[in-house]
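Working notes, structure below.
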Protein chains: 2
Amino acid sequence: MNLKDLANSLGLSPTTVSRALNGYPEVAEETRRRVTEAAARLNYRPNTLAKRLATGRAMAIGHVIPISTGHEIVNPVFTDFIAGAGEVYSRAGYDLVLSIVPDSEEERTYREIHSKGNVDGVIVHAPVRNDPRIALLHELGLPFVVHGRATGTALPYSWLDLNNNRAFERATRFLLDLGHRRIALVNGIETMDFAIRRREGYKQALAAQGVAADPALMVSGEMTEAQGYDTARRLLALPAPPTALLTSSLLSAMGVRRAVEEAGLRMGRDISIVTHDDELGYLRNGAEVPIFTATRSSVRAAGRRAAAMLLRMIASGDDGPHHELLEAVLVVGGSTGPAPPAA
Amino acid sequence: MNLKDLANSLGLSPTTVSRALNGYPEVAEETRRRVTEAAARLNYRPNTLAKRLATGRAMAIGHVIPISTGHEIVNPVFTDFIAGAGEVYSRAGYDLVLSIVPDSEEERTYREIHSKGNVDGVIVHAPVRNDPRIALLHELGLPFVVHGRATGTALPYSWLDLNNNRAFERATRFLLDLGHRRIALVNGIETMDFAIRRREGYKQALAAQGVAADPALMVSGEMTEAQGYDTARRLLALPAPPTALLTSSLLSAMGVRRAVEEAGLRMGRDISIVTHDDELGYLRNGAEVPIFTATRSSVRAAGRRAAAMLLRMIASGDDGPHHELLEAVLVVGGSTGPAPPAA
DNA sequence: ACCAGAATTCAAAGCGCTTTGAAGGCCGGG
DNA sequence: CCCGGCCTTCAAAGCGCTTTGAATTCTGGT
């Protein structure tokens with residue numbers, strides 16, 4: 001059942017049928033009614049491929065995910081972001097096309113995706129400082145939105161980001177207000193823009209209180225349970241161990257908790273933990289009362305908003321740049337408490 | 001730069017250029033050389049949309065992911081599977097199109113995806129008993145491969161599955177051999193086919209040793225850290241607590257470990273834990289020596305193989321059914337040991 | 001009754017590619 | 001020297017839709 005068949009069965013021309021279905025004004029209401037009714041009855045669906053070719057719009061958004069031998073971008077945060085974005089695409093009739101490629105081929109993939117014309121825009125994930133993808137996408141003229149920011153890039157670009165600096169500044173201040181002075185930062189990999197900003201926020205809060213940032217207490221690495229555990233063990237073994245830890249993900253926080261408990265300490269009493277909570281679907285920070293005090297911001301919601309931003313840009317032909325800065329809320333759970341009296 | 005431009009610039013017809021580029025035999029070698037050289041020089045890429053329309057092949061595989069209010073399919077296992085499949089698609093020149101839809105619209109989505117003709121086949125995730133999607137896809141005549149099996153379905157279908165039954169049978173036997181008699185099963189949600197099979201395997205092993213399966217020791221639920229923790233706490237508080245626990249995911253195992261340690265027990269000495277390990281990218285079971293004894297099978301590799309199977313089916317036009325049953329390996333880590341002498 | 005202009009509908013071109021069927025060029029055998 | 005047959009190239013149709021520009025049908029005003 002294609003457009004022509006449908007038109008024939010109605011004794012109309014394809015032109016009229018197409019217009020009736022696509023809401024053009026120059027078709028009589030009575031005709032439109034007949035057409036839509038027949039389309040529904042005959043279960044007619046316009047062929048996407050033909051439609052795309054004719055309109056020149058791919059009706060699809062691309063997400064290019066590099067798989068590197070090193071850092072894994074195929075991670076839980078990414079998944080939830082995609083899920084959020086995907087909801088928005090579906091509702092808008094857009095497809096989400098995912099390209100999983102070795103990172104050595106990332107540039108080639110962007111070029112190809114563009115010249116092959118199978119997407120109308122892309123979302124850029126996990127930006128780093130001076131991210132080369134931004135210049136590339138500018139050159140290609142492909143609409144895009146960055147999830148996060150790529151400081152150091154001179155070119156304008158649209159982004160949606162969590163205010164990581166502020167979130168970690170507040171978290172740190174919260175710990176300082178509780179009397180903590182030795183606060184460790186268990187950060188993500190600091191080539192990632194978000195990790196750099198988190199460290200800045202942390203340092204700003206310390207500086208504001210005149211507390212010197214101790215390099216020994218600032219660690220960065222993959223945000224896994226094992227890494228959190230190892231790091232916390234090491235930190236707790238220091239001559240002057242921290243009384244509080246600030247971690248970048250719930251997974252690291254779980255590792256930290258394990259090390260803490262293994263050391264015979266009680267979380268929230270002997271030692272405080274604040275984490276960042278992306279509100280991942282399958283990794284919850286407790287139910288009613290959060291287990292961990294956390295800076296919380298749904299990455300899924302971020303995905304939804306970034307997708308919406310991109311679709312708006314595409315629909316309006318307006319390249320922006322547009323910006324959206326999300327604020328995390330600081331939720332207090334059971335993992336924090338006043339600093340224990342100095343030993 | 002489209003085909004016509006390229007042809008003109010070479011003084012050839014589009015026909016010849018198209019054939020030269022697509023490896024048809026009836027074009028002179030010298031001509032083919034000239035064409036490919038010019039294509040490379042002018043950075044020509046055939047427009048995917050046009051190609052797809054002309055050939056009738058979408059060159060894309062669909063993955064429909066329902067987002068339900070209840071069970072989350074957008075989970076870490078899914079992510080790794082997609083990553084594996086995506087690698088294969090990219091290499092074969094296929095796109096991966098992801099549809100994230102409310103589960104109430106899943107059927108409609110499959111129908112639409114088919115009549116709109118934007119994919120050549122689909123992968124079915126997380127089958128349940130008597131999964132309705134199989135009949136639906138049969139009706140539509142869309143090639144598909146199921147990741148897992150849907151027992152109860154009369155229709156033939158292609159699948160790739162882990163031998164969940166065998167894996168859990170072996171794990172249970174392993175614990176029995178160590179002298180454990182009270183072995184708890186912390187399973188996934190038992191509407192999922194894989195969870196049902198795991199329980200079967202567990203029960204078979206017990207039965208083979210003449211150990212009665214105690215319903216109080218068989219629990220099922222979402223495979224999260226919190227759920228593992230809660231469940232383990234509850235089980236450990238039983239009048240006759242288990243001496244070993246078998247869990248369905250590393251995340252649950254982490255929760256179980258926390259409960260165990262909190263209870264002052266030592267894992268591998270006072271209590272044994274065996275888990276299933278999907279070898280997720282960001283959730284590793286230790287480095288050299290596994291932390292947990294586990295039935296291990298890479299879900300990413302499964303994604304690769306399922307994708308390859310589907311592409312083969314599409315290329316050959318052979319609907320199968322094809323089957324592939326993967327075996328998990330049982331790796332021994334530090335979480336298991338002989339059953340402690342009866343209290 | 002007639003006509004300008006609005007309201008509808010339609011034929012045909014075009015999106016960029018593949019593929020069928022036909023044509024042109026060149027070979028060797030008779 | 002001619003011709004059948006192979007090698008190579010090409011023109012044109014077609015994939016299923018949108019969209020331009022023209023044709024047709026309806027209006028209402030005179």
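Each chain gets a letter, A, B and so on, in the order the sequences are listed, and its residues count up from 1.
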According to a strict under-4.0 Å criterion, is Tyr24(A) in side-chain N/O contact with OP1 or OP2 of dT19(D)?
yes
Presence of Asn47(B) side-chain N/O under 4.0 Å of dC15(C) phosphate oxygens OP1/OP2
no
Basic-acidic side-chain contact under 4.0 Å: Arg149(A), Asp161(A): yes
Between Glu139(A) and Arg111(A) (salt bridge meaning N to carboxylate O under 4.0 Å), is one present in this structure? yes
Q. Phosphate oxygens OP1/OP2 of dT18(C): is one of them under 4.0 Å from a side-chain N or O of Thr55(B)?
A. no
Double-helix bend of the helix from dA1(C)-dT30(D) to dG30(C)-dC1(D), axes at both ends from 5 pairs, round to 10°, gives 60°
Among dT18(D), dG16(C), dC10(C), the one nearest any side-chain atom of Leu3(A) is dT18(D)
key: Short side-chain N/O contact to dA11(C) OP1/OP2 from Ser13(A), under 4.0 Å   = no
Among the nucleotides dC17(D), dG16(C), dT20(D), whichever has the atom closest to the side chain of Tyr44(A) is dC17(D)
Which of dG16(C), dT9(D), dC17(D) is nearest the side chain of Glu26(B)? It is dT9(D)
Regarding the side chain of Ala28(B), the nearest nucleotide among dG16(D), dC10(C), dT8(D) is dT8(D)
Exercise for the section: Determine: side-chain N/O of Thr31(A) to OP1/OP2 of dT9(C), distance under 4.0 Å, yes or no. Expected result: yes
Quick one: is dT9(C) close enough that its OP1 or OP2 comes under 4.0 Å of any side-chain N or O from Thr15(A)? no
**Asked** Parallel, tilted or perpendicular for His125(B) and His63(B), by the 30°/60° rule?
**Response** tilted
Against the side chain of Ala54(B), the closest entry in dG16(C), dT9(C), dG16(D) is dG16(C)
**Report entry** Heavy-atom side-chain proximity of Tyr157(B) to Val124(B) below 4.5 angstrom
**Finding:** no
Next on the checklist: Using side-chain contact (heavy atoms from CB on, under 4.5 Å), reason through Glu279(A) and Val299(A) one step at a time and then give a plain yes or no.
Outcome noted: CA-CA 7 Å; Glu279(A) 298 197 78; Val299(A) 79; over 6 Å; no
